[in-house]
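First listed ligand is number 1; within each ligand, the first listed atom is number 1.
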Amino acid sequence: MADALPAEDARARLQALYAEMAPQHLFPLWEVLHALVTPTPRSPVRPHRWSYAAARDHLLRAGALISAEQAERRVLILENPGLPGTSAVTTSLYAGLQLILPGEVAPCHRHTQCALRFVMEGEGAFTALDGEKAVMRPFDLVLTPNWQWHDHGNAGGAPMIWLDGLDIPTVRHFAASFAERLPDGAIAHQETAPPGDTLARYGRNLRPFAASPAARRPAALPLFHYPYAEWRDALGQVARAGAPDPHLGHALEFTNPADGGPVMPTIAAHVRLLPAGFATRPRRATDATVFVVVEGRGEARIAGEPVPLAERDILVVPAWEELVLAAEAELVLFGYSDAAAQQKLGLWREARL
Ligand code: GTQ
């Protein structure tokens, strides 16, 4: 009987048992249970801020060495320092800075990963979704939901840079990645609708009346362009109308008009405004979040560690770390996370401290 044995003897016999089991790919749960089923989240993700100016310099240097077409996507990956070699910014999400120079195209492809673009600078480039161009301006949000054809091009006169947010690590987790290029080496999708057509039909609380052929977008996710001019105006009005939420500031989530839920099955996106001098109360949430500083200046405190925030900085906040945001000058932030996926799985939680 095991309990009749001296402890070290039992231990030695257990070790012998483990050694014999291991070649058969069998392992004792009781040695690892507490590391597997933790009482609170344990994340390898580290807080990190990328200065836009420094990242931009490297991206423009890459722009002189490889074309968008050669690269297929000319992007600098923002890899989390706690996740080396994974191309991931959080355990579930990816972030990158994509450059399209005037006259360039990024060839059309589609994949099972969902993507969002958040424009950092430039004007006149487009993302075409199933052949419909969304002409992009600074701080516009553009979606490329999974398995939709998309190509990018720059018809303007200046470099165009945007942040790509994708669910690459999530799709990798499920081993469900499929991707393909247009047949016959075609670079751009045939134009299927005038630029802005979907925004006009679905972007103002409207939709095509009855079943018109114009209801060509996937009915479950019709809208793919959320212009800065519109979300900024809404956020400004909300901020003028009342007091900020103590834990969030003034905050609005981008929604899918088909169901009122998050913009994509795996990714949720939102914007916040913190008035000058305002600091949030501490909050933690299970969705690690990537933020872009759109306007203003201030500080994030992540688990008590201060991180200065300036315009166009990109910040990643790990899951369940205490976050305080403080605005020196009125601070406007864009953020995306996997809250959409976690909510479907019954995992999402927050703590308002
Ligand atoms: O534009 O389709 O940053 O497929 C990474 C993978 C961008 C894109 C990325 C992609 C894309």
Tell me every residue that passes side chain to side chain contact (heavy atoms under 4.5 Å, CB included) with N146, counting only those two or more places apart in sequence or in another chain. C114

Hey, what else clusters with M21 if you join Ile, Leu, Val, Met, Phe, Trp, Tyr whenever side-chain heavy atoms sit under 4.5 Å? L14, L17, Y18, L26, W30

Within the distance-only criterion (no hydrogens, no angle test), does the side chain of D197 pair as donor or acceptor with the backbone N or O of P194 below 3.5 angstrom? no

Pick from R312, R232, R272: which one makes a salt bridge (Lys or Arg N to Asp or Glu O under 4.0 Å) with E295? R232

So ring-ring contact (aromatic ring centres under 6.0 Å, His included) across residues 31-59, not counting sequence neighbours, yields H48-W50

Within the 4.0 Å heavy-atom sphere of ligand 1, strictly under, residues: R73, V75, Y94, Q98, H109, H111, R117, H150, H152, D164, L166

Side-chain (R49) to main-chain (P308) donor-acceptor, under 3.5 angstrom: yes

